[in-house]
Protein chains: 2
Amino acid sequence: MEKQTITIYDVAREANVSMATVSRVVNGNPNVKPATRKKVLEVIDRLDYRPNAVARGLASKKTTTIGVIIPDVSNMFFSSLARGIDDVATMYKYNIILANSDGGSTKEVQVLNNLLAKQVDGIIFMGHRITDEVRAEFSRSKTPVVLAGSIDPDQQVGSVNIDYTEAAKEAVSLLAKNGNEKIAFISGALIDAINGQNRLTGYKEALKEHNLEYNEGLIFESPYEFKDGLALVDRILNSGATAAYITDDELAIGVLDGLYDHGIKVPDDFEIITSNNSLLTDVARPRLSSITQPLYDIGAVSTRLLTKLMNKEEIEQKTIVLPSNIMEKGSTK
Amino acid sequence: MEKQTITIYDVAREANVSMATVSRVVNGNPNVKPATRKKVLEVIDRLDYRPNAVARGLASKKTTTIGVIIPDVSNMFFSSLARGIDDVATMYKYNIILANSDGGSTKEVQVLNNLLAKQVDGIIFMGHRITDEVRAEFSRSKTPVVLAGSIDPDQQVGSVNIDYTEAAKEAVSLLAKNGNEKIAFISGALIDAINGQNRLTGYKEALKEHNLEYNEGLIFESPYEFKDGLALVDRILNSGATAAYITDDELAIGVLDGLYDHGIKVPDDFEIITSNNSLLTDVARPRLSSITQPLYDIGAVSTRLLTKLMNKEEIEQKTIVLPSNIMEKGSTK
DNA sequence: TTGAAAGCGCTAACAA
DNA sequence: TTGTTAGCGCTTTCAA
């Protein structure tokens with residue numbers, strides 16, 4: 001099977017023009033006589049010529065490729081973002097190189113370098129926490145970076161998020177208004193900025209506003225999985241809590257099912273409000289009340305922001321906060 | 001901000017060797033005197049040199065990149081496969097370019113050409129159905145292709161699947177053994193090979209084996225979403241069915257919730273068995289009995305197969321069938 | 001064990 | 001409006 005690669009040179013020869021002219025036609029450069037353009041397009045079609053993006057990338061120093069670092073594509077939260085990212089990337093003629101990091105700093109740095117070696121034009125980063133090592137890599141390279149659904153306290157790079165503090169505050173306030181005095185805060189690692197700094201702050205603010213006392217015994221740290229939620233239920237009940245604000249849907253549904261298995265009625269005996277309004281909140285019975293985050297949009301807007309950065313356009317603001325809401329469904333009174 | 005790109009040439013100069021030698025060191029070519037290697041590595045480290053993968057790709061005609069065509073990353077079934085794909089790709093030093101196709105032939109062809117333009121070394125394709133146009137593109141290019149979790153009746157390219165016919169047969173047999181005489185078959189479009197040719201065949205075989213009559217009124221075609229499952233329930237109940245084999249978990253949980261909303265008890269009054277054993281089957285109450293498919297493994301094995309194809313290694317068989325099972329949980333008696 | 005030099009396929013000045 | 005000609009940064013013969 002011989003290499004039958006058609007190059008720009010073949011097209012030029014067949015069309016009796018120079019490579020430059022073919023290049024102009026391919027790139028939509030207006031400085032080509034219509035007749036010439038027509039002739040070239042015809043040859044391109046006949047020869048079934050397809051420009052080699054790698055050669056193009058080398059010559060032009062642009063790969064029209066965006067690197068996307070994601071903790072885990074098989075997690076619904078992140079895959080929803082990823083879909084928004086890819087759609088907007090496609091809209092602007094970019095492809096995405098997707099790389100799973102498992103949220104670990106070492107792998108993140110490694111993957112980042114790998115993407116930079118591939119000369120991506122920009123990077124979308126998703127992660128639970130931005131470590132110093134990762135931050136150092138960001139500032140070392142001049143490739144634009146945007147964080148999607150991820151918080152970095154020192155806002156060096158672009159980012160798109162919702163106001164996690166405010167959203168958590170509203171959620172907890174709702175539970176307080178419903179008369180709950182012992183409200184559990186159930187989240188992933190508190191060392192992650194988004195949990196420890198943003199959501200926990202919102203939780204505390206809501207308590208203060210409703211004159212409720214902050215109590216460490218009501219704070220639960222846990223991995224983000226269904227089974228972890230199930231496992232947590234005994235401790236939650238022992239704490240005396242009558243309601244919980246939970247930072248992840250999968251975790252929340254674990255708690256819900258655990259309560260069900262214990263014969264506790266939601267929302268009558270225990271109220272729950274969760275954070276991501278994913279499909280899981282709708283398949284649960286009762287359906288879970290939740291903060292609504294525009295996941296797809298967070299991905300989409302991050303990528304739009306990145307395209308501006310890559311084009312060196314003027315940016316009004318590189319930290320974008322999208323609106324969020326509370327949707328009351330079946331797990332709150 | 002000036003371009004501070006370090007090239008192989010800079011390294012060569014600093015180390016007093018030729019570019020060729022640096023290239024050898026970078027690529028682990030053994031024909032380099034240890035002392036030279038050490039000196040070069042030292043300079044690489046000092047200059048913080050990172051080889052340009054694009055230039056490498058152009059010169060060597062290999063990009064160490066795999067194109068992945070996926071209907072929708074935000075669908076749990078596909079994202080599980082994607083995770084397996086990326087992990088094995090990473091293991092073999094490849095990156096993946098992920099492109100969503102929405103399962104449509106036009107976009108699939110477009111995306112495929114785009115990936116080929118980027119000179120990917122191989123392609124993993126996921127889709128509900130392989131159309132003639134897509135098949136034509138496959139055979140036109142000599143880039144190896146592997147189907148993951150997708151069926152192509154004429155097995156032109158590599159593929160990794162479970163035996164959908166047999167799995168469906170077992171599932172339906174179980175329902176028949178439990179005494180159900182009217183068993184519904186609820187699936188996505190029957191024109192998709194995997195549903196119409198494989199699963200439906202299995203369904204029919206099971207009926208025949210249990211001396212049950214095939215009845216068109218028990219066959220339901222539907223989109224794969226939760227809400228579609230909900231909407232289907234009235235028709236299912238009208239059909240007189242007392243059990244259903246469902247080809248998608250999200251659809252299944254829709255049916256389950258719809259039955260719950262109608263006051264029908266699962267599994268006492270109606271049995272359900274679904275197909276993908278995703279997280280959804282565990283969060284449901286009762287938990288859904290399901291065919292178990294090794295989703296991650298399907299992705300992983302496809303990619304392993306693709307690496308062999310890309311290396312032109314001998315392949316024992318390019319159609320790989322992974323084992324599947326039935327896991328009885330709460331929705332069957 | 002090393003180096004020289006010719007590309008890989010394309011873009012982008014610069015000339016004409 | 002078109003063509004000529006350097007590269008882009010690397011790999012890969014071929015010689016030495």
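Keep in mind that the numbers below use all heavy atoms, side chains included, and drop hydrogens, waters and symmetry copies. Lettering follows sequence order; numbering is per chain, from 1.
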Using the side chain to side chain donor-acceptor pair (under 3.5 Å) rule, collect all pairs that involve residues 308-317 of chain B, keeping only residues at least two apart or in two chains.
B:N311-B:E313
Side-chain N or O of [X] closer than 4.0 Å to phosphate OP1/OP2 of [N]:
{"X": "B:S23", "N": "D:dT11", "answer": "yes"}
{"X": "B:K61", "N": "D:dT12", "answer": "no"}
{"X": "B:N27", "N": "D:dT11", "answer": "yes"}

Residue A:L47 excluded, over 12 heavy atoms near CG under 6.0 Å
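Atom CG in A:L47 is packed in, count exceeds 12.
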Verify whether one side chain among B:T65 and B:K118 offers a donor that lies under 3.5 Å from an acceptor in the other.
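No donor-acceptor contact under 3.5 Å links the two side chains.
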Do we see a donor-acceptor contact under 3.5 Å between the side chains of B:R83 and B:S80?
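Short answer, no.
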What nucleotide, of D:dG9, C:dC10, C:dA12, holds the atom closest to the side chain of A:S60?
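Looking only at side-chain atoms, A:S60 lies closest to C:dA12.
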Residue B:V32, side-chain atoms from C-beta onward, closest of D:dG9, C:dG3, C:dT2:
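Nucleotide nearest to B:V32's side chain: C:dT2.
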What's touching nucleotides 4-6 of chain D from the protein side, N or O pairs under 3.5 Å?
none

For B:V26, answer base if it contacts any base atom (sugar-phosphate contacts may also be present), sugar-phosphate if it contacts only those atoms, and nothing otherwise; contact means non-hydrogen atoms under 4.0 Å.
nothing
Are B:F77 and B:Y224 near enough that their ring centres are under 6.0 Å apart?
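Ring centres of B:Y224 and B:F77 not closer than 6.0 Å.
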Expressed in angstrom and rounded to an integer, what is the separation of A:R56 atom CZ from C:dA12 atom C1'?
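Going from A:R56 (CZ) to C:dA12 (C1'), I get 14 Å.
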Are A:E42 and A:K39 close enough for a salt bridge, meaning some N to O gap below 4.0 Å?
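A salt bridge is absent here (no side-chain N lies under 4.0 Å from a carboxylate O).
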Do B:K93 and B:T64 have side chains that get closer than 4.5 Å, going by heavy atoms?
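SC-SC contact between B:K93 and B:T64 ruled out.
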With a 4.0 Å heavy-atom cut-off, tell me which residues in residues 33-54 of chain A come close to DNA chain D, sorted by residue number.
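Per residue number, the list reads A:K33, A:T36.
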To the nearest 0.5 Å, what is the distance between CD1 (A:I194) and CD1 (A:I162)?
7.5 Å
